[in-house]
Number of protein chains: 2
Amino acid sequence: MTTMKEVAERTGVSVSTVSLVLNDRDEGRVKPAIAEQVRATAKRLGYRPNPLARSLRTSKTRILGFISEGIAATPYAGGIILGAQDAASKLGYMLLTVNTDGNSDEAREIATLKRYGVDGFLYAKMSNRFTDVPKPLHDYPLVLVDATDRTGRYASIEPDETLIGYDATKRLIDACCASIAYIGCSEPMLAQQGRLEGYRRALLEAGMPFDESLVVAVPNNGPALQTVTDLFERRRPDGYFCFNDARAWYVYENAARRGLVVGRDVSVVGVDNHRVFAETLEPQLTTVELPHYEMGYWATRKLVSLIEGREPDDDEPETTAPLPPLDASIPAKIHCTLIDKQSVAQR
Amino acid sequence: MTTMKEVAERTGVSVSTVSLVLNDRDEGRVKPAIAEQVRATAKRLGYRPNPLARSLRTSKTRILGFISEGIAATPYAGGIILGAQDAASKLGYMLLTVNTDGNSDEAREIATLKRYGVDGFLYAKMSNRFTDVPKPLHDYPLVLVDATDRTGRYASIEPDETLIGYDATKRLIDACCASIAYIGCSEPMLAQQGRLEGYRRALLEAGMPFDESLVVAVPNNGPALQTVTDLFERRRPDGYFCFNDARAWYVYENAARRGLVVGRDVSVVGVDNHRVFAETLEPQLTTVELPHYEMGYWATRKLVSLIEGREPDDDEPETTAPLPPLDASIPAKIHCTLIDKQSVAQR
DNA sequence: CTGAAAGCGCTAACAA
DNA sequence: TTGTTAGCGCTTTCAG
């Protein structure tokens, strides 16, 4: 690891000059010729700044704290972390990840992250729900991921459930289904109403009737299969929009029992169907993916914009692709929304 | 954040004395009475060391680099990361996580981790396979996770496939299955032979015959369902050990078509069956979990023992539970193995 | 325009 | 037994 001192010696200037140049704070302070020389030797020696040493003076580490509450165990976590990492990496940041299961160790983990000088926090939950931001986080740049700040004071990234419901239903409509069922979830979840709303809207738009009796809410276990079986017999729908893959399973099971082939006799769209379906039913499968990766990605961009209060100037000169502005709005088809303080205020 | 300087001033001693005491390097170097005073004020002021400043002198950061190659997108990643975090947290370390998709950015990510002064690396792959350790990692403490070092020079944590196969088969035997099929995988995978070996061994031990015709290898797509259907008709097994959840699906589908109820008419044991099955088939479900969490956990312990070359003395005095020694062997039922340099040499 | 000097929080020789 | 000093790699006045 070559240091500034080495660059300085090799160029025959002082460390402070090197510091100025390498931080682009020359410009009328260092003679252009010298500056060029410095940059040259820096490049030649492969100089890279030591972020830890720098942070000692600046108290900026370019490290982001990623706190997940129990989510790491779910298959979702990976996507969020991955998205966050990609964004962070692009912007010249690193992710210090930490997991808290209960509330007991949360405070301790946060304290530790602070000691390591993180510039801000990503606070990720299992699935979109109302959340109280822990006090120790209050005066730090912070973005919630897949969670809604109860007080509306912090930015958050959330799935756009209405869009998800709309999209799923639209696909069934486009597949010429005439009778489209919604296999929902009986547990109260934030997602539920949005999905149903999207379902409704898509039907309306297509001039199809909204029929209460095609909507069932099934629990996570127990009589769930029976409920779906009843629906099969009662209404014989040819299209099924399923809240998640567990619900999709009941449809598949019923179809199999009747010798119906999914993708030929009935159409199924599930939200976030996992490996099983993806690997086995490739051709017939239609899945609306929950935007985990994207939530991680956009949350991180937002956080960095909060921290820097401006467009990023790449720390990595070799990155050639121009970055979109930090606050760029999320593409609509991504199925998630950025809720920030302003828009919260407007609601 | 209170600093050593403050503690020193408040106690009326010098910083170096404080440093000695707070690092437990007093003992014959600082008068016990003074040492006590120092500890007292430190506690009173809630002093916590600044690991970044410390690292500037010691070049030890207590940060571990976690490199995952493409795994973060799979549902497995979360478990590994979670296990690694838990272990790290217990031992007073932090995880700096990074993802590489191809090989292009891998070098860059590793370089960045080095700049941040990580003490060692965890190198995680998608699923156990032979791996060439990237050159930049060669002279660092390193543990492979869910991967096998081709040269046998580095420690690694790997699933114990034989044990997994044995365990799965044993459960079917215990459920009084008389004819147990193995639905394997036609792609060549390290896991395959171990699983089959375990299957064999369990049958042998129970005095049951090993019957080639009960073993099928199905591909990931296409004619897979048909292969399983053939097996159903040909042999009517009453027990099924499935390589993974995709394979389990084919069994469920066939069962459903014949009106057979899994858990009553036939028994199924899958490896690493995910949410779908877990949520919908709770009572009938038997799953052998792949030890992702554990691999992350034990890999991290091993890495720290490599770094410190000794038992850990907790950085966090408040942690009361005594930690097991770093090199403690992994409990057998955990289904993974630690391969370290010594044992590799023995093979 | 450039360099010397101080200091971020901490550790480690070396004196006293 | 304790304090002084130097320095890790970097930023940032402040003189020159």
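Values below: all heavy atoms of this structure, side chains included; hydrogens, waters and symmetry mates excluded. Quick caveat: nothing in here was measured; it's all calculated off a predicted structure.
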Asks: Taking the axis from the first five pairs and the axis from the last five, what angle separates them in the helix from dC1(C)-dG16(D) to dA16(C)-dT1(D), rounded to 10 degrees?
Replies: 60°
Asks: Looking only at the side chain of Thr3(B) (C-beta and beyond, no hydrogens), which of the listed nucleotides dC10(C), dT11(C), dT12(D) gets closest?
Replies: dC10(C)
Asks: Is any side-chain N or O of Arg54(A) closer than 4.0 Å to OP1 or OP2 of dG9(D)?
Replies: no
Asks: Quickly work out the Arg115(A) CZ to dC8(C) P distance and round it to whole Å.
Replies: 20 Å
Asks: When you match Leu56(A) and Arg29(A) each to their closest nucleotide on DNA chain D, which lands nearer the 5' end?
Replies: Leu56(A)
Asks: Strictly below 4.0 Å: does Ser14(A) bring a side-chain N or O up to OP1 or OP2 of dT2(C)?
Replies: no
Asks: Over 60° means perpendicular and under 30° means parallel, so classify the ring planes of His138(B) and Tyr154(B), tilted if in between.
Replies: parallel
Asks: Just the rounded figure in Å: distance from C1' of dT11(C) to CG of Leu20(B).
Replies: 9 Å
Asks: Lys60(B) has an atom NZ; how far is it from atom C1' of dA12(C), in whole Å?
Replies: 16 Å
Asks: By the definition side chain to side chain donor-acceptor pair (under 3.5 Å), identify the one residue from Asn99(B), Asp146(B), Thr100(B), Thr97(B) that meets it with Ser68(B).
Replies: Asn99(B)
Asks: How many Å lie between CG on Asn50(B) and C1' on dT11(C), as a whole number?
Replies: 13 Å
Asks: Is any side-chain N or O of Tyr116(B) closer than 4.0 Å to OP1 or OP2 of dG9(D)?
Replies: no
Asks: In terms of side-chain heavy atoms of Thr17(A), which of dG3(C), dC10(D), dT2(D) is nearest?
Replies: dG3(C)
Asks: What is the distance from CD of Glu9(B) to P of dG9(C), rounded to the nearest Å?
Replies: 11 Å
Asks: Whole Å only: how far is the CG atom of Leu52(B) from the C1' atom of dC10(C)?
Replies: 11 Å
Asks: Checking Thr151(B) side chain against Arg153(B) main chain: does a donor-acceptor pair fall under 3.5 Å?
Replies: yes
Asks: Does Tyr93(A) have any side chain to side chain contact (heavy atoms under 4.5 Å, CB included) partners at least two apart in sequence or in another chain, and if so, which?
Replies: Arg62(A), Leu64(A), Ala88(A), Leu91(A), Asp119(A), Val304(A), Ile307(A), Glu308(A)
Asks: Any chance you could measure Ser19(A), atom OG, to Lys5(A), atom NZ, to the nearest 0.5 Å?
Replies: 15.5 Å
Asks: Any protein N or O atoms within reach of nucleotides 5-7 of chain C? Criterion: under 3.5 Å, listing atom names and distances.
Replies:
unit_1 : atom_1 : unit_2   : atom_2 : d
dG7(C) : N2     : Arg57(A) : NE     : 3.3
dG7(C) : N2     : Arg57(A) : NH1    : 3.3
dG7(C) : N3     : Arg57(A) : NH1    : 2.7

Asks: Check the pair Tyr47(B), Met1(B) against side-chain contact (heavy atoms from CB on, under 4.5 Å), reporting the backbone distance first and the verdict last.
Replies: CA-CA 7 Å; Tyr47(B) 169 79; Met1(B) 297 282 124; over 6 Å; no
Asks: Using side-chain contact (heavy atoms from CB on, under 4.5 Å) as the criterion, point out the one residue from Met295(B), Lys302(B), Arg301(B) that pairs with Leu338(B).
Replies: Lys302(B)
Asks: Can you list the residues that meet the side chain to side chain contact (heavy atoms under 4.5 Å, CB included) rule with Glu36(A), with sequence neighbours excluded?
Replies: Arg39(A)
Asks: Sequence neighbours left out, what passes side chain to side chain donor-acceptor pair (under 3.5 Å) with Asn50(B)? Give chain and number order.
Replies: none
Asks: Within this structure, what is the NZ-to-P distance between Lys5(A) and dA6(D), rounded to whole angstrom?
Replies: 14 Å
Asks: Please determine whether a side-chain nitrogen or oxygen atom of Asn23(A) lies at a distance below 4.0 Å from atom OP1 or OP2 of dT11(D).
Replies: yes
Asks: Using a cut-off of strictly less than 4.0 Å between a heavy atom of the residue and any atom of DNA chain D, enumerate the qualifying residues of residues 30-43 of chain B by number.
Replies: Val30(B), Lys31(B), Ile34(B)
Asks: Check whether any side-chain N or O of Thr58(B) sits under 4.0 Å from OP1 or OP2 of dT11(C), and answer yes or no.
Replies: no
Asks: Contact between Thr131(B) and Thr148(B) at the side-chain level, heavy atoms closer than 4.5 Å - yes or no?
Replies: no
Asks: Specify the separation, in whole Å, of atom CG of Asp24(B) and atom P of dT11(C).
Replies: 12 Å
Asks: Checking the side chain of Thr17(A) only, and the main-chain atoms of Val13(A) only, is there a donor and an acceptor separated by less than 3.5 Å?
Replies: no
Asks: Are side-chain heavy atoms of Ser55(B) and Lys60(B) found at a separation under 4.5 Å?
Replies: no
